[in-house]
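Structure record follows, encoded as structure tokens.
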Amino acid sequence: MFGSPPDRGSGDLRVDHLAVRYGRAVTALHDVSLTVPDGGVVALLGANGAGKTTLLRAVSGTLRLYRGAVTAGTVSYAGRPLAGTDPVAAVHAGVVQVPEGRRVFGGMTVEENLRAGGLGRVRRGPAGHRAAARDRVYGLFPRLAERAGQRAGLLSGGEQQMLAIGRALMAWPRLLLLDEPSLGLAPLMVERITDVVREIHAQGTSVLLVEQNAAMALALADHAYVLEVGRVGLAGPAAELARTDRVARLYLGESVDGAPAAPAAGGAGADGAPAAPRAGEGRWAG
Amino acid sequence: MTTALDILLNGLALGSVYALVALGFVIIFKASGVMNFAQGSLLLLGGYLTAVLHEELGFLPALLLAVAATALVAGLVDRVLLRGMDPRHHHILTIMTIGVDILLLTELARRIGGDLLTLGDPWGNDVLTLAGVTVPTSRVASITVSVLVIGTVFAAFRHTDWGLSLRAASEDQEAAALMGVRLGRVRTLAWALAGALAALAALFLTAFPAPGLERTTGQIALKAFPAAILGGMASPPGALLGSLLIGVTEALAAGYQSELSALGRGLGDVAPYLVMIVVLLVRPHGLLGTKEAVRV
């Protein structure tokens, strides 16, 4: 109905014994292994500073923007290594990330944001590819079609999240990386986004979902990993994890002994990232 | 009346040339956050190449070659000198461009010496009489070509993939990278385009009624700089507006110099900076600067 994504071979995302360091001293990930099977939805849970975003950066190739580097282990998609340093290569391989905090291009219109999302798309697709991708996005988010000519900076938070996801879909991802799509959204909007992610998955896209909202993530995912200070603490089928005491206590807010325990790191730079991650925000924030 | 119109036309012609240079500043700034202080020496390079090539090749081929060569040099400055640097350290890169400027300028000044070079443009000292106003043909050519070139660049911002990539990178480098935008390529192209625009500007700055190309011609970029800043630095339409404002102010100050003699001579030279300071006092982000509302 919406055309089909270009065939880049089916495959799993494999993260093997990955270690990541920022600068010379801060180790953000130690020996993390994780698999997103082709066609699966995998959730990655954890508190602030656990290394969730770092893991996504290693997959999408943006570590270098934060002066991070892979010090051990590998990331591969569909059997081929992702260098981990080139976001363009990741997009071409079919792995596209929706960044945390939406990061839409506020000074550009909704339509232009979507065009921008298609910039890294592999050229050899059929001629009508961009139009097909846009129709698919407008099919998923009719609200965006209504606001096509409006500046993205003036959309509501929920609409911006829709746009951020729609923008990523313009590159026809085989694997979509979502970084905290529920962040700062009203419960109703979280439900709406959940439905859309389910729909995108049904249309044939694998999903790696990073969330602090464990209830949402575990409802969506078939498999989940819990990161704790840079290591995989727990892993298993989502339904089973949801029943474990530890997850219930730490991430589902079902107070067992009262204190919602979080690793001590917390706060700015908790990911081990340099304190000003959004490079030159003052200027770039349009 | 005639003088007023005369002065206005002169100012617009001057402004349109500043706009070519200012647009170069803005494009590089948008692509990389760097203020390119080497723009003046690139301009001089373009002018110098046209001057030494035109006798052998003829005017138009010489101009095209000079524009292409300046674009290439600008692209190389980005690739070779700036590429390996941490792109977040804009101030370091900016200061490196000052270094590049001094090196290029010193070499070109050595070659030009005290000479006054002509670029071999076909207009010479011809004049046109329009509605009772006499204007040098070169001024008309300058306005016409600038309008065409600037219009093309603006259209490219809006409609080409490169333009979209540039605007995306300008708003959010990481988000643009995540879309698969090749930031390095966008930036190198921005430098090359800025170089080409500077080389073109050199032609109109040295054509009649200006005497020709001197080793100090590159300093003109120092006037396009306030134009870009008062326009908002990251706004191409702002740069255009700022340039016209500066051009007209300068022409007015020069044209009415005798009436303004109480302020001393050479008011035309300082006028761009006066205008910049006044505008920035009133509007700190420039005329069309971006301090846009973005919901988070």
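Below, chains carry the letters A, B, ... as their sequence lines are ordered, and counting in each starts from 1.
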- prompt: Where do B/Leu164 and A/Ala116 come nearest, in terms of heavy atoms and distance?
  reply: CD2-N, 3.4 Å

query: B/Ala177 and A/Pro87: which non-hydrogen atoms are nearest, and at how many Å?
result: O-CB, 3.3 Å

task: Mark yes or no for whether B/Glu171, through its side chain, and A/Gly107, through its backbone, hold a donor-acceptor pair below 3.5 Å.
output: yes

- prompt: How long is the gap from CD on A/Glu100 to CD on B/Glu174, to the nearest 0.5 Å?
  reply: 10.0 Å

- prompt: Thinking salt bridges, do A/Arg167 and B/Asp172 make one under a 4.0 Å N-O criterion?
  reply: no

statement: Shortest non-hydrogen pair, A/Arg103 vs B/Ala175, comes out as O-CB, 3.7 Å

- prompt: Hey, is CG on B/Leu148 packed in by over 12 heavy atoms from elsewhere, all under 6.0 Å?
  reply: yes

field: Heavy-atom pair with the smallest gap, counting every atom of A/Leu119 and B/Val181
entry: CD1-CG2, 3.5 Å

query: Can you name the closest pair of heavy atoms from B/Leu178 and A/Ser60 and give their distance?
result: CD2-OG, 3.6 Å

task: Find out whether A/Val91 and B/Met179 are in side-chain contact, i.e. whether some heavy atom of one side chain is under 4.5 Å from a heavy atom of the other.
output: no

